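Structure first, commentary second.
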Amino acid sequence: MLGAMRQTVKRVVVPAGEGRAVHVAAGQRVRVVDVDGGQVGDLFAFAAEDVREHLSASHTRSATGRLFPRIGESFVTNRRRPILTLAEDASPGRHDMLIAACDPARYALLGAPEGHASCAVNLDRALAELGLAVETTPQPVNVFMDVPVAEDGELGSLPSPSRPGDSITFRAEMDCVVALSACPQDITGINVGELSPLAVEVM
């Protein structure tokens, strides 16, 4: 019975540096897999009935009292409703909810050429494929991203410690749209080696 409950009903490969979005029904699980290892992903979630309601990192930190939820704790929306629950973490457990999604302005500051791919643009394109749009880019859940916080409050930025096949799994608490960008950051060193794909599995 458990195997049937966890049967994969959809698997989407997110190519390196690109984004994809999927519909997830309440009660389904969505797993993010680091295919080759060392790849950060920016994950976003929106209420299916109204994409103005979205997973909010700041509201989640307020609800849990932690920088990142424990297994069994929920990520909540900007309307303080549970949207995803952290169900399993088969990775080193380094994830971030402090760093904003990369965008064209960020890459301009880093000296990248115009048109460099970004998670903000990837989100817009992924949602557009489903006929959806948002006015602003929410703070993402940066899976497999290692951002240590020092005692003096300084934020670090380390290479992703995830290994090939590592995954993190969420349970949907409402009908939602989950978007994932295989982060195209190739300047700061958060991704290990060449940019690589991620996979999204809906179960």
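Everything quoted here is computed from the prediction, not taken from an experiment.
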Any donor-acceptor pair under 3.5 Å from R29 side chain to E88 backbone: no
Considering all heavy atoms, the nearest P138-L123 contact: CD-CD2, 4.0 Å
Stepwise side chain to side chain contact (heavy atoms under 4.5 Å, CB included) test for I83 and E173: CA-CA 5 Å; I83 185 168; E173 301 301 334; 5.7 Å; no
Side-chain donor or acceptor of D124 paired with backbone N/O of A128 under 3.5 Å: no
hydrophobic_cluster_shared for V12 and V143, side chain cutoff 4.5 Å: yes
Donor-acceptor contact below 3.5 Å, side chain D42 vs main chain C183: no
V33-V202 co-clustered via ILVMFWY side chain contacts under 4.5 Å: no
S91 side chain to G93 backbone, donor-acceptor under 3.5 Å: yes
Side chain to side chain, F46 and L130, heavy atoms closer than 4.5 Å: no
Side-chain (S162) to main-chain (G38) donor-acceptor, under 3.5 angstrom: yes
Donor-acceptor pair, side chain of N122 and main chain of G17, under 3.5 angstrom: yes
Over 12 foreign heavy atoms within 6.0 Å of CZ, R125: no
For the student: nearest non-hydrogen atoms of I71 and A87, plus distance: CG2-O, 3.4 Å
Heavy-atom donor-acceptor pair, H23 side chain to V177 backbone, under 3.5 Å: no
Note, L84 side chain near L43 side chain (heavy atom, < 4.5 Å): yes
OG-CZ distance between S56 and R61, expressed to the nearest 0.5 angstrom: 7.5 Å
Side chain to side chain contact (heavy atoms under 4.5 Å, CB included) between I168 and L86, worked out: CA-CA 8 Å; I168 183 170; L86 183 58; 3.6 Å; yes
V35 and V13: CA distance, side-chain angles, deciding distance, side chain to side chain contact (heavy atoms under 4.5 Å, CB included) verdict: CA-CA 9 Å; V35 177; V13 174; 5.6 Å; no
Exam field: side chain Q185 to backbone I187, donor-acceptor pair closer than 3.5 Å: yes
Plane angle bin for H116 and Y107 - parallel if under 30°, tilted between 30 and 60°, otherwise perpendicular: parallel
Single-linkage hydrophobic cluster, 4.5 Å side-chain cutoff, L198 and F170 together: yes
Flag side-chain contact, heavy atom, 4.5 Å: D186 against N191: no
Side-chain heavy atoms of R94 within contact of L158, under 4.5 Å: no
Exercise: identify the closest heavy-atom pair between T85 and S74: OG1-OG, 2.7 Å
Minimum heavy-atom distance between P69 and T60, given as atom pair plus value: CG-CG2, 3.8 Å
T137 side chain reached by D103 side chain, heavy atoms, under 4.5 Å: no
Option among H59, E53, R52 that satisfies the side chain to side chain donor-acceptor pair (under 3.5 Å) test with T77: E53
Separation of N78 CG from Q139 CD (nearest 0.5 Å): 13.0 Å
Neighbour count >12 (heavy atoms, 6.0 Å) for atom CZ, R106: no
Linked, directly or transitively: L67 and V141 (ILVMFWY side chains, under 4.5 Å): no
N142 (side chain) donor-acceptor with I99 (main chain) under 3.5 angstrom: yes
Joint hydrophobic cluster, L180 plus F68, side-chain heavy atoms closer than 4.5 Å: yes
Whether D175 side chain and A26 backbone form a donor-acceptor pair below 3.5 Å: yes
Heavy-atom closest pair, residues P161 and F144: CD-O, 3.9 Å
Straight-line distance of S160 OG to D34 CG, nearest 0.5 Å: 6.0 Å
Spatial distance of atom CZ (F75) from atom CZ (R171) [nearest 0.5 Å]: 12.0 Å
Where V24 and A172 come nearest, the two heavy atoms and their spacing: CG1-CB, 3.7 Å
Interatomic spacing from CD in Q39 to CD in E194 - rounded to 0.5 Å: 11.0 Å
Worked check of salt bridge (Lys or Arg N to Asp or Glu O under 4.0 Å) between R79 and E49: CA-CA 13 Å; R79 299 176 186 172; E49 62 189 21; 5.7 Å; no
Crowding at CZ, R66 (>12 non-hydrogen neighbours, <6.0 Å): yes
Test item: side-chain donor near acceptor, S196 and D36, under 3.5 Å: no
V149/L98 under side chain to side chain contact (heavy atoms under 4.5 Å, CB included): CA gap, chis, key distance, verdict: CA-CA 10 Å; V149 181; L98 296 175; 4.0 Å; yes
